Amino acid sequence: MVFVKLISLYRSGPETTKKRKSVNTFLVSLYSMTSTHRGPEKGCLLLQLLLVASFSQAEELLCRQRGDADNPQLSKDGDFMLGGIFSFHSSWINRQDSYTQKPLPLECTSLNFRGFQYSQAMLFAIEEINNSTELLPGISLGYKIYDVCGSIARGVRVTLALTNGNEILSSLSAPCTRPAQVQAIMGETSSSPCMAIATVIGPFHIPMISHFATCACLSDKTKYPSFLRTIPSDYYQSRALAQLVKHFGWTWVGAIRTNDDYGNNGIAIFTETAQHLGICLEYSVSFFRTDPPEKIQKIIYMIKASTSKVIVAFLSHMDMDVLIHELSNHNLTGYQWVGSESWIFDSQIAAMDINHILDGAIGLSIPKAHVSGMREFMLDFWETLFNCKFKQSKSSPGNQRECTGHEDLTGVQNSFTDMSLMPIFNNVYKGVYAVAHALHNILRCNKTCNNKILQHIKNIQFKTKEGDEVYFDENGDPAAKYEIINWQPTEHGIVDFVTVGLYDASLPADKQLNLQNKSLIWAQNSQQVPLSVCSEKCPPGTRKVLQKGKPVCCYDCIRCAEGEISNITDSITCVRCHPEFWSNERRDACVKKEAEFLSYEEIMGSLLTAASLFGTCITAVVAFIFFRYRKTPIVRANNSELSFLLLFSLTLCFLCSLTFIGRPSEWSCMLRHTAFGITFVLCISCVLGKTIVVLMAFRATLPGSNVMKWFGPAQQKLSVVGFTLIQVIICILWLTISPPFPFKNFDESKHKIILECALGSAIGFWAVLGYIGLLAMLCFILAFLARKLPDNFNEAKFITFSMLIFCAVWITFIPAYVSSPGKFSVAVEIFAILASSFGLLFCIFIPKCYIILLKPEKNTKKNMMGKEAPKSF
């Protein structure tokens, strides 16, 4: 309540003697009460308050700036005032404030004549506008230009001085709130000071137009609503640098940046874009020009220890000055430098590179520009400042000495005649003209139009006298266009900035980067593009496998597995070949697998064919012999018709094996199994019929037996037809339900396609074999029972032998067939057919042919009917 009453006394009307007496009376009474009831400590505090209030009563209420007034380094009055914030110095002396006394003014060091050139570009534009009869006729522009030494704190301080002014105003004569003293502020050069300044003046809608602050963060209009610039945003430059690095195949790079908003934001966008393009950063370090030397030494050692040969330097020209000095001390050559627009076309940086460390550097720069009259304006200023003349100057020589461009200014040599920064001067020039055009539009418009200069600047669109179009997008940025610069040393040791390409962000993504057909010079004057990769490219036939704990650019190349290929470089996966193809030796192409089947051309096929034809010929010879001696007792015995039918079926058995040889087709697959099944059943049926005839004949010799009339020639033929018809029905069902078909077997062999006949229905196949086996076993049993019948020529014994061979062959066939791969299973089946056929042929017919041809004396009915004790076996 005490402080509320005190404040109310001060606020109750204008300053009067009566009010001061009231306040003094109130404070004295308050002190008395406090010292009596609250103790001496509380009383001392209120006594201090009393003293402060008493001293302040003598001062008149004024509007003044806190601290010392800041006066501009360059100024001129005019109808409209423009502010300028530039860095005539590049650094300052750091002090540790004690907070016990008033801080001393900032002490700037390291003269930065480049900042003074920017201010001269601003003065040239203002003078040109003031002399114009078309733009702002009858209106003069003034200026106040400050040197902030690159300090953010000083930048904010002079900004307040530009907006508020340094005049002391009485609150009685004018209010403390008033319009800004400048219409717009030109500058600053660096991004970090611009961010601080734009934050301060943004709420007051005072335009700030920078010529060289490129941080993409400044495009955020929610934070910096009044900031504009005439240089493209780093959002485009960082992406362009990443595309440039990718274009030359550099996937393993280092990065050095200025430790401010320009460098940190620029490298952040570069890193994000680089990751999408497959580029990895081995290291990313930052420093500022005021950092201690030890920190820069650590960066040098990191570069030496690195394996990357390309360094992306997102540095301001002032930080590059410091770094190039350390690089020269260590003679750190052999690295390919990729630079940002801040230093890549700076002739002073090139002049400092006495060890040619940066030779072959490549980077982006603002497109070359020319402003007629600006060079002469700057030279005239130099002549006036140093009382000298240039050779090309039109001023009267008099007794003036010749200007060298290296006149001594505070002990620092500078090259004021260097116009290599004309693109930046042009940016300053365009910024001043943008303000002038906005003012011109405001003065021409009627009372209903918006008179806020910020809105007019955002909407302006004009062309300079050189034909350059000036406008701002919704973020306050100009169109993004860059030239690609290559440092090419000449014979005299001077670096030539050669334009080798262009980058235009307004074009489609695949056409933005355009490199011209010019020869490039790389690090150490090499004509060959340097290589900077963590791992060599994986050739076709291999795939990339990331190294554990390392970036994606570091990997090992693993050869593709069998049956897989990669036909591109740096493939991350291997593609499996189509089942009909297989990988070649290099694993970079799929070659068609060789089709494997039992063919007539190969040795095994030829041998089996020969065996089949040989069996057919032997059978035909036997048939011929039997036909030739068909009336002899040995041929006529035991039904000669069955013998000829048996020979015919054996011929078919030998010939059916040929259907298993050759490329499988739909018809051959169906034919081979059905022909085999039917011919063998026909063959076994004949043998079974002969066996039954032998048994019946023996039974017919017994007294009172009439068995033969039940199994005469007609019944024998009918039995053969019946047994065969059953197999035919089985085969028809098999072919109808699920017939065999040609099949490409990819599983048996990796390198070959096994062409075989799939069974279709395994039940049908095993039913055919089972029926053959059933007849064979029945025939074997009957023949075995009739083996001891009392005949000189007992055919049952030979049938028993033949069936024994037949069964042995087909019993061993089953495991051999199942376990044999590919065409060998077909060969096993053919071998079983031929072996069993030869067994029947030799066991049944060769003994008879032996008697017919070599023992004709035994080929008599008497001998055939002779009684001899049978021999057991």
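On a predicted model such as this, the values are computed, not experimentally measured, just so you know. Starting from 1, each residue takes its place in the sequence as its number. In what follows, every heavy atom counts, from backbone to side chain, and hydrogens, waters and symmetry copies are set aside.
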A.B. asks: Tell me, yes or no, whether the heavy-atom count around Lys463 atom NZ, taken from other residues, nucleotides or ligands under 6.0 Å, exceeds 12.
C.D. replies: no
A.B. asks: Answer with yes or no whether the side chains of Ser90 and Asn112 bring together a donor and an acceptor at under 3.5 Å.
C.D. replies: no
A.B. asks: Do the side chain of Glu188 and the main chain of Ile85 share a donor and acceptor less than 3.5 angstrom apart?
C.D. replies: no
A.B. asks: Out of Thr273, Thr271, Val253, Val310, which one pairs with Ile279 under the side chain to side chain contact (heavy atoms under 4.5 Å, CB included) rule?
C.D. replies: Val253
A.B. asks: Given side chain to side chain contact (heavy atoms under 4.5 Å, CB included), test Val338 with Trp250 step by step and report yes or no.
C.D. replies: CA-CA 11 Å; Val338 179; Trp250 301 325; 3.9 Å; yes
A.B. asks: Do the charged groups of Asp468 and Lys430 touch, with an N to O distance under 4.0 Å?
C.D. replies: no
A.B. asks: Which residue, Ser340, Ser316, Ser191, forms the side chain to side chain donor-acceptor pair (under 3.5 Å) with Tyr262?
C.D. replies: Ser340
A.B. asks: For Cys217, does its backbone N or O pair with a side-chain atom of Asn265 as donor and acceptor, under 3.5 Å?
C.D. replies: no
A.B. asks: For Phe425 and Tyr429, I'd like to know if the aromatic rings sit close, meaning centre-to-centre distance below 6.0 Å.
C.D. replies: no
A.B. asks: Using side-chain heavy atoms (C-beta onward) and a distance below 4.5 Å, is Gln275 in contact with Leu281?
C.D. replies: no
A.B. asks: Applying ring-ring contact (aromatic ring centres under 6.0 Å, His included) as the test, list every pair that has at least one member in residues 198-222; sequence neighbours left out.
C.D. replies: Phe86-His211, Tyr118-His211
A.B. asks: Mind listing the closest non-hydrogen atom pair of Tyr283 and Ser306 along with its distance?
C.D. replies: CE2-CB, 3.6 Å
A.B. asks: Donor-acceptor pair, Ser132 side chain versus Glu134 backbone, under 3.5 Å?
C.D. replies: yes
A.B. asks: Has Ser151 got a side-chain atom pairing as donor or acceptor with Val148's backbone, closer than 3.5 angstrom?
C.D. replies: no
A.B. asks: Tell me the closest heavy-atom pair linking Asp261 and Ser192, and the distance in Å.
C.D. replies: OD2-OG, 2.6 Å
A.B. asks: Please name the residue in the list Phe116, Tyr146, Phe113 that meets the ring pair (Phe, Tyr, Trp, His ring centres under 6.0 Å) test with Phe88.
C.D. replies: Phe116
A.B. asks: Which distance, rounded to the nearest 0.5 Å, do you find between the CG of Leu502 and the CD1 of Ile484?
C.D. replies: 7.0 Å
A.B. asks: Is there a side-chain contact between Ile145 and Leu123, using heavy atoms and a 4.5 Å cut-off?
C.D. replies: yes
A.B. asks: After noting the C-alpha distance and the side-chain angles of Leu82 and Gln183, does the key distance pass the side chain to side chain contact (heavy atoms under 4.5 Å, CB included) rule?
C.D. replies: CA-CA 6 Å; Leu82 298 183; Gln183 299 297 323; 4.3 Å; yes
A.B. asks: Between Tyr503 and Tyr482, how do the two ring planes meet: parallel, tilted or perpendicular, split at 30° and 60°?
C.D. replies: tilted
A.B. asks: Does the side chain of Thr230 reach to within under 4.5 Å of the side chain of Tyr433, using non-hydrogen atoms?
C.D. replies: no
A.B. asks: If you apply the rule side chain to side chain contact (heavy atoms under 4.5 Å, CB included), what do you find for Gln243 with Gln512, and how did you get there?
C.D. replies: CA-CA 9 Å; Gln243 293 182 31; Gln512 292 177 350; 3.7 Å; yes
A.B. asks: Does Lys295 NZ have over 12 foreign heavy atoms under 6.0 Å away?
C.D. replies: yes
A.B. asks: Is there a donor-acceptor pair closer than 3.5 Å between any side-chain N or O of Tyr143 and the backbone N or O of Gly78?
C.D. replies: no
A.B. asks: How far apart are the C-alpha atoms of Phe345 and Phe497, what are their side-chain angles, what is the distance that settles it, and do they pass the ring-ring contact (aromatic ring centres under 6.0 Å, His included) test?
C.D. replies: CA-CA 7 Å; Phe345 66 106; Phe497 301 132; 7.5 Å; no
A.B. asks: Under the 3.5 angstrom rule, does the side chain of Asp496 hit a backbone N or O of Val498 as a donor-acceptor pair?
C.D. replies: no
A.B. asks: Should the ring pair Phe288 and Trp92 be called parallel, tilted or perpendicular, given that the plane angle runs from 0 to 90° and is split at 30 and 60?
C.D. replies: tilted
A.B. asks: Kindly indicate whether the side chain of Ser372, heavy atoms from C-beta on, has any atom under 4.5 Å from the side chain of His370.
C.D. replies: yes
A.B. asks: For a quick check under 3.5 Å, do Glu127 and Asn130 share a side-chain donor-acceptor pair by atom type?
C.D. replies: no
A.B. asks: Can you name the nearest heavy-atom pair linking Ala216 to Ser233, along with the distance?
C.D. replies: CA-OG, 3.3 Å
A.B. asks: For the CG atom of Leu244 and the CG atom of Leu513, what is their distance to the nearest 0.5 Å?
C.D. replies: 6.0 Å
A.B. asks: Do Glu469 and Gln461 have side chains that get closer than 4.5 Å, going by heavy atoms?
C.D. replies: yes
A.B. asks: Check the pair Asp220, Thr222 against side-chain hydrogen bond (donor to acceptor under 3.5 Å, both in side chains), reporting the backbone distance first and the verdict last.
C.D. replies: CA-CA 6 Å; Asp220 187 354; Thr222 59; 2.5 Å; yes
A.B. asks: For the residue pair Gly84 and Leu162, what are the closest heavy atoms and their distance?
C.D. replies: N-CD1, 4.3 Å
A.B. asks: Hey, could you give me the CG/CG distance between Asp291 and Asp319, rounded to the nearest 0.5 Å?
C.D. replies: 8.5 Å
A.B. asks: Please give me the minimum heavy-atom distance between Ala196 and Val156, naming the atom from each residue.
C.D. replies: CB-CG2, 3.8 Å
A.B. asks: Mind checking the CG-CD1 spacing from Leu327 to Ile300? Nearest 0.5 Å is all I need.
C.D. replies: 4.0 Å
A.B. asks: Distance check, rounded to the nearest 0.5 Å: Met422 atom CE versus Asn427 atom CG?
C.D. replies: 11.5 Å
A.B. asks: Once you round to the nearest 0.5 Å, how far does OG of Ser328 lie from CE of Met352?
C.D. replies: 7.5 Å
A.B. asks: Taking the side chain as every heavy atom from C-beta outward, state whether Arg257 and Val312 have any atom pair closer than 4.5 Å.
C.D. replies: no
A.B. asks: Is the number of heavy atoms from other residues, nucleotides or ligands within 6.0 Å of NZ (Lys221) greater than 12?
C.D. replies: yes
A.B. asks: For Met186 versus Met122, what's the shortest heavy-atom pair and its separation?
C.D. replies: CG-CE, 3.8 Å
A.B. asks: Between Phe80 and Leu443, is there a side-chain heavy-atom distance shorter than 4.5 Å?
C.D. replies: yes
A.B. asks: Please report the C-alpha distance between Ile256 and Ile303 in whole Å, then the side-chain angles of each, then the deciding distance to 0.1 Å, and finally whether the side chain to side chain contact (heavy atoms under 4.5 Å, CB included) criterion is met.
C.D. replies: CA-CA 10 Å; Ile256 304 176; Ile303 295 174; 3.6 Å; yes
A.B. asks: Just jot down the side chain to side chain donor-acceptor pair (under 3.5 Å) partners of Asn259, sequence neighbours excluded, or say none.
C.D. replies: Asn264
A.B. asks: So, Glu341 and Ser365: side-chain donor and acceptor under 3.5 Å apart, yes or no?
C.D. replies: no
A.B. asks: When you measure from the side chain of Glu483 to the backbone N and O of Lys368, does any donor-acceptor pair fall under 3.5 Å?
C.D. replies: yes
A.B. asks: With under 30° as parallel and over 60° as perpendicular, where do the rings of His437 and Phe462 fit, or are they tilted in between?
C.D. replies: parallel
A.B. asks: Could you check whether Ser110 and Arg289, counting side-chain N and O atoms only, form a donor-acceptor pair closer than 3.5 Å?
C.D. replies: no
A.B. asks: Just by distance, do the side chain of Lys144 and the backbone of Pro72 share a donor-acceptor pair under 3.5 Å?
C.D. replies: no
A.B. asks: Has His89 got a side-chain atom pairing as donor or acceptor with Thr109's backbone, closer than 3.5 angstrom?
C.D. replies: no
A.B. asks: Run the salt-bridge test on Glu474 and Lys458 with the 4.0 Å N-O cut-off and return the result as yes or no.
C.D. replies: no
A.B. asks: Heavy atoms, side chains only, cut-off 4.5 Å: are Tyr471 and Asn459 in contact?
C.D. replies: no
A.B. asks: Would you confirm whether Asp234, through its side chain, and Gln237, through its main-chain N or O, come within 3.5 Å as a donor-acceptor pair?
C.D. replies: no
